[in-house]
Amino acid sequence: MTVEICPYFNDHQTACCLMLDDLLPIAVTVNGKATASNDWGFLRDTKGSLYEYLNRYLLEKYPEIRGTIFLPIASHNFIPDDHGYTILRGEIDPDFVSYLKRIGSRFEMAFHGIKHSWQDTNNQIHYEFAEPNLDILSTLKTIENFKHSTGITFSGGKFPGYRYQPMALELLSQGSFTWWALNIEMINRVTEQNKIIWNEKQQTVLIPTNISGDIFKSHSWLSARTRILSLLLKPWKKSHPVDYLGYLYENRHPITIQEHFQNQTTNGSRQPLNVYDDLWSLETMYGLLRGLDIWHASCGEIADYFFNYINARINKTNSSTFDIVSNISLKPINLTIKTSTPTIYSVSQNKIIHGIRKNGLWIFNGLGVGQYRIV
């Protein structure tokens with residue numbers, strides 16, 4: 001009797017998530033007009049907005065796309081007005097919250113700090129979680145107030161700029177977060193850090209940031225000679241985007257794509273990594289992924305399944321009966337198992353469950369703790 005717990009929902013080969021930073025009710029313009037090319041979320045999903053542009057040219061073409069949006073929940077109040085740009089500034093008001101909830105079936109919302117601010121010299125960005133006077137309790141209170149006023153709960157997040165000091169990790173252990181995107185050292189690199197892991201100290205699932213949304217822009221057909229030379233000199237190094245995507249897929253590492261809504265910065269430059277400028281690269285990526293065995297999901301969904309997976313096990317009681325056991329028995333779990341038979345019987349639910357055929361075995365989704373019998 002073959003019975004195994006699958007590492008991904010529906011026994012997919014891997015999972016894919018589009019991670020979008022810095023959605024805010026603001027636009028940074030030179031003429032006072034908000035367009036898709038300078039919108040950070042000020043126009044929400046109305047005609048001419050950045051989201052409408054993204055939806056028209058990417059999301060409608062690839063409706064399977066799912067992801068996570070990282071919200072810096074008060075950053076729009078800290079954008080400077082004295083850098084020669086007209087700042088169109090909205091609020092996280094009922095209209096903006098309604099917009100976030102409208103897109104919530106595709107994107108979960110995650111925490112991305114409270115503010116970015118800019119120092120007076122050299123237009124330096126200030127990263128609040130890297131500051132020595134960080135107040136964790138105040139941050140947690142702000143998050144709770146945001147939840148109360150909007151109805152939006154954060155199950156995870158990331159520090160702005162991936163920058164933080166050690167004390168900032170208290171936010172993970174003291175808050176109610178179940179996952180975090182802690183660093184970016186693995187992006188576009190073949191490394192052991194491409195894996196999802198459980199951080200015992202913070203009691204948090206750590207989601208890697210594995211690939212940049214603009215990766216194909218720097219590896220166009222003009223770089224073919226560079227690619228050939230790289231493969232000749234280091235044939236084991238999967239440096240081209242197609243090779244790198246293949247490496248993530250083959251090794252069952254998540255394909256987590258880093259991007260930004262923010263595009264026009266206050267110092268006159270374009271924000272590297274932004275969905276407006278990187279659309280061709282993103283479309284190329286999702287075109288390659290289409291047809292592969294991929295679970296498109298949010299960071300929270302991926303982390304929740306992983307946590308259930310690492311805490312569960314199969315106990316075979318005899319040749320036809322097995323138990324699904326979990327270390328987190330007080331929490332409902334939702335797992336996929338694969339067996340060598342097409343039907344199983346749930347003793348606790350008193351019902352027969354029919355599987356789906358996949359890769360020579362039978363797949364059963366949505367199973368929880370309990371006793372099961374091969375039928």
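Note that the structure is a prediction, hence the values are computed from the model and not measured.
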Which pair of non-hydrogen atoms, one from [X] and one from [Y], has the smallest distance, and what is that distance?
X	Y	value
Asp45	Glu52	O-CB, 4.3 Å
Thr150	Lys101	O-NZ, 2.9 Å
Arg189	Tyr244	O-OH, 3.0 Å
His76	Leu24	N-CD2, 4.1 Å
Arg290	Lys61	NH2-O, 2.9 Å
Ile257	Cys16	CD1-SG, 4.0 Å

Test item: [X] side-chain N/O and [Y] main-chain N/O as donor-acceptor pair under 3.5 Å:
X	Y	result
Tyr372	Leu367	no
Asn10	His12	no
Ser298	Thr68	no
Asn311	Asn308	no
Arg252	Tyr8	no
Thr284	Leu282	no
Ser149	Phe146	yes
Ser49	Arg44	yes
Gln165	Met167	yes
Gln349	Ser346	no

[X] [atom1] to [Y] [atom2] distance, which is reported to the nearest 0.5 Å:
X	Y	atom1	atom2	result
Lys217	Asp277	NZ	CG	5.0 Å
Ile103	Arg106	CD1	CZ	9.5 Å
Thr341	Ile374	OG1	CD1	3.5 Å
Leu100	Glu108	CG	CD	12.5 Å
His253	Ile211	NE2	CD1	13.0 Å
Cys6	Asn359	SG	CG	9.5 Å

Q. Between Phe364 and Ile344, is a side chain to side chain contact (heavy atoms under 4.5 Å, CB included) present by the stated rule, with each step listed?
A. CA-CA 9 Å; Phe364 299 85; Ile344 59 175; 3.8 Å; yes

Indicate yes or no: at least one non-hydrogen side-chain atom of [X] is less than 4.5 angstrom from one of [Y].
X	Y	result
His260	Val275	no
Ile5	Tyr309	yes
Cys17	Pro254	no
Tyr164	Leu171	no
Asn350	Tyr345	yes
Pro160	Phe129	yes
Ile310	Tyr305	no
Leu59	Leu54	yes

Q: Please step through side chain to side chain contact (heavy atoms under 4.5 Å, CB included) for the pair Trp40 and Asn274, ending with a clear verdict.
A: CA-CA 10 Å; Trp40 296 13; Asn274 73 81; over 6 Å; no

Compute whether any side-chain donor of one residue and acceptor of the other, for [X] and [Y], lie under 3.5 angstrom apart.
X	Y	answer
Glu185	Gln193	yes
Lys158	Tyr162	yes
Thr14	Trp295	no
Asn55	Glu60	yes
Tyr247	Asn210	no
Tyr51	Asp39	no

Q: Sort out for me which residue in Asn188, Asp21, Asp214, Thr209 forms a side chain to side chain donor-acceptor pair (under 3.5 Å) with Gln258.
A: Asp21

Spell out, yes or no, whether [X] and [Y] are grouped together once hydrophobic residues are joined by side-chain heavy atoms under 4.5 Å, including indirect joins.
X	Y	result
Leu248	Ile302	no
Phe306	Tyr249	no
Phe177	Phe70	no

State plainly whether the residues [X] and [Y] are in salt-bridge range, i.e. N to O under 4.0 Å.
X	Y	result
Glu301	Arg66	no
Lys358	Asp11	no
Glu128	Lys115	no

Q.
Under the criterion side chain to side chain contact (heavy atoms under 4.5 Å, CB included), I'd like the reasoning laid out for Phe154 against Lys147: C-alpha separation, chi angles, the key distance, then a yes or no.
A. CA-CA 8 Å; Phe154 300 130; Lys147 173 184 173 181; over 6 Å; no

(Q) Does atom NZ (Lys316) have a neighbourhood of more than 12 heavy atoms from anything else shown, all under 6.0 Å? (A)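 Correct, the count exceeds 12.
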
Q.
Evaluate Thr321 against Asn318 for side-chain hydrogen bond (donor to acceptor under 3.5 Å, both in side chains), listing each step before the verdict.
A. CA-CA 5 Å; Thr321 306; Asn318 56 50; 3.2 Å; yes

Q: Flag the pair Tyr276 / Tyr53 as yes when their ring centroid distance falls below 6.0 Å, and as no otherwise.
A: yes

Q: Establish, yes or no, whether a centroid distance under 6.0 Å links the rings of Phe159 and Trp180.
A: yes

Q: Begin with the C-alpha distance, continue with both residues' side-chain angles, and end with the deciding distance and a verdict on side chain to side chain contact (heavy atoms under 4.5 Å, CB included) for Asn199 and Gln203.
A: CA-CA 6 Å; Asn199 185 295; Gln203 295 287 293; over 6 Å; no

